[in-house]
Amino acid sequence: MPELPEVEVTRLGISPHLLGQRLEGAIVREPRLRLPVNPDLAEQISGQTVRQLRRRGKYLLLDLEHGSILIHLGMSGHLRVLPRDTALRKHDHVDLLITDQLCLRFNDPRRFGALCWLEDVDQHPLIARLGPEPLTADFSGEYLYALSRHRQIPVKAFLMDAHIVVGVGNIYANESLFAAGIDPRRPAGRVALTRYQRLAQTVREVLQSAILQGGTTLRDFSRPDGRNGYFRLSLAVYGREGQACIRCGAALHSLRIGGRATTYCSHCQR
DNA sequence: CTACGTACCTGCCAGC
DNA sequence: TGCTGGCAGGTACGTA
């Protein structure tokens, strides 16, 4: 997926086509996503104007006059704005019909994503309990330090917990910890305040830089306009097991933390 | 409460 | 060539 930068790049890409537009309906071909698509989605959204297009963590929220459409891209989801008569591809699960014969087409091979209409999206349990945004002022080293006391969980798993802070997935957790010089296995409760301050800073820098470069294109993420992101060229550790650390030259190590591939430099990260 | 394993689903790639 | 197993950017839930 789609981590926070990819979702933000998607939001920026589709916004001009949706903001202020009146939705004319929806076509649901496969409702079985992580959250089921509303059986009566077309009736619920049809005739409504898109008031705002927000991002909360990795969720995209299309605020309508009444209620909101919640979209999550899961591991393999993808959104594109296309002419409605564009030939269907495998896994094109939902079309939101916009004006001028255009549609917002949701494609998701693994169906770990979501697209549904909710009356009050901010009160939904999936959204209401999320941690702060990493790019706003309420996310800081002091905050991470305070929440991590007495926690034994590896700091990488702590950083990837959306109830702590949203939007930091596997790629950017690996990259931020490398940039901050912190061993991903270290218990979260044993990281000092000054090192959390450094980590909060590297998280912000890594995410911001990825957004500016159009996200990280791996197997199946590309931007809504079909162009690729270039952040992959900047990855220091993710996917580089066995290769030389860009800082000290030692071979990078790899292991699994919380079931996720973790790559780090045992010399630079302590 | 915390930590951990597992499940959801399809596609792709390495290895046999 | 073709099969199989393992792995993939996320998240929620069950269990101890």
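Chain identifiers are assigned alphabetically (A, B, ...) following the order of the sequence lines, protein sequences preceding nucleic acid strands; residue numbering begins at 1 within each chain.
- For the pair Ile257(A) CD1 and dG9(C) P, the interatomic distance rounds to 13 Å; values are reported in whole Å.
- Among the protein residues, Ala157(A) comes within range of no part of the nucleic acid, since none of its heavy atoms lies under 4.0 Å from any strand.
- Scanning for side chain to side chain donor-acceptor pair (under 3.5 Å) contacts around Asp92(A) gives Asn107(A), with sequence neighbours left out.
- For the pair Asn170(A) CG and dC7(C) P, the computed distance is 14 Å after rounding to whole Å.
- Grouped by direct or indirect side-chain proximity (heavy atoms under 4.5 Å, Ile/Leu/Val/Met/Phe/Trp/Tyr only), Leu126(A) sits with Leu35(A), Tyr59(A), Leu61(A), Leu70(A), Leu118(A), Val121(A), Ile127(A), Leu130(A), Val166(A).
- Note: NZ (Lys58(A)) to C1' (dT11(C)) measures 9 Å, nearest angstrom.
- Scanning for side chain to side chain donor-acceptor pair (under 3.5 Å) contacts around Glu30(A) gives Arg32(A), with sequence neighbours left out.
- Using the six-membered ring where Trp is involved, Phe106(A) and His93(A) have ring planes that are tilted, between 30° and 60° apart.
- Every residue meeting the side-chain contact (heavy atoms from CB on, under 4.5 Å) condition with His163(A), not counting sequence neighbours, appears here in chain and number order: Arg129(A), Asp161(A).
- Between Tyr238(A) and dG9(C) there is a side-chain polar atom (N or O) within less than 4.0 angstrom of OP1 or OP2.
- At whole-Å resolution of the value, CZ in Arg89(A) and C1' in dG11(B) are 15 Å apart.
- Within the 4.0 Å cut-off from OP1 or OP2 of dA8(C), at least one side-chain nitrogen or oxygen of Arg256(A) is found.
- The number of heavy-atom neighbours closer than 6.0 Å to CZ of Arg54(A), taken from other residues, nucleotides and ligands shown, is above 12.
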Secondary structure of DNA chain C per the Watson-Crick/G-U criterion (both distances under 3.5 Å; [ ] crossing, | other strand, . unpaired) is .|||||||.|||||||
Would you tabulate the pairs of protein nitrogen or oxygen atoms and nucleotide nitrogen or oxygen atoms of nucleotides 6-9 of chain B closer than 3.5 angstrom?
{"from": "dC9(B)", "atom 1": "O4'", "to": "Arg110(A)", "atom 2": "O", "distance (Å)": "3.4"}
{"from": "dC9(B)", "atom 1": "O3'", "to": "Arg111(A)", "atom 2": "NH2", "distance (Å)": "3.1"}
{"from": "dC9(B)", "atom 1": "O2", "to": "Arg110(A)", "atom 2": "NE", "distance (Å)": "3.0"}

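- Judged as a side-chain contact (heavy atoms from CB on, under 4.5 Å), and not counting sequence neighbours, the contacts of Ala179(A) are Thr202(A).
- Across all strands shown, Tyr59(A) has heavy atoms under 4.0 Å from sugar-phosphate atoms exclusively, and none from any base.
- Inter-residue side-chain proximity for Arg55(A) and Leu4(A) is flagged as met; some heavy-atom pair is nearer than 4.5 Å.
- Distance CZ (Arg260(A)) to P (dA8(C)): 8 Å, rounded to an integer number of Å.
- Pairs of residues two or more places apart, or lying in two chains, that qualify as side chain to side chain donor-acceptor pair (under 3.5 Å) and include a residue from residues 150-159 of chain A are Lys156(A)-Asn170(A), Lys156(A)-Thr262(A).
- Here Asp120(A) pairs with Asp122(A), Gln123(A) under the side-chain contact (heavy atoms from CB on, under 4.5 Å) rule; sequence neighbours left out.
- Rounded to whole Å, atom C1' of dC4(B) lies 13 Å from atom CG of Asp161(A).
- When heavy atoms are screened at a 4.0 angstrom cut-off, Pro154(A) is found touching the sugar-phosphate backbone but no base atom.
- Rounding to whole angstrom units, CZ of residue Arg185(A) and C1' of dC4(B) are separated by 18 Å.
- Between His91(A) and the phosphate of dG11(B), there is a side-chain N or O to OP1/OP2 separation shorter than 4.0 Å.
- The CD-C1' distance, from Glu241(A) to dA8(C), rounds to 15 Å in whole Å.
- Evaluation of the salt bridge (Lys or Arg N to Asp or Glu O under 4.0 Å) test over residues 172-185 of chain A, restricted to residues two or more places apart or in two chains, returns Asp183(A)-Arg185(A).
- Between Lys90(A) and dT10(B), a side-chain N or O to OP1/OP2 separation shorter than 4.0 Å is absent.
- The P atoms of dT6(B) and dG6(C) are separated by 13 Å, rounded to the nearest whole Å.
- Here Arg190(A) pairs with nothing under the side chain to side chain donor-acceptor pair (under 3.5 Å) rule; sequence neighbours left out.
- Shown for residues 146-153 of chain A: residues whose heavy atoms fall under 4.0 angstrom of DNA chain B, namely Arg151(A), Gln152(A), Ile153(A).
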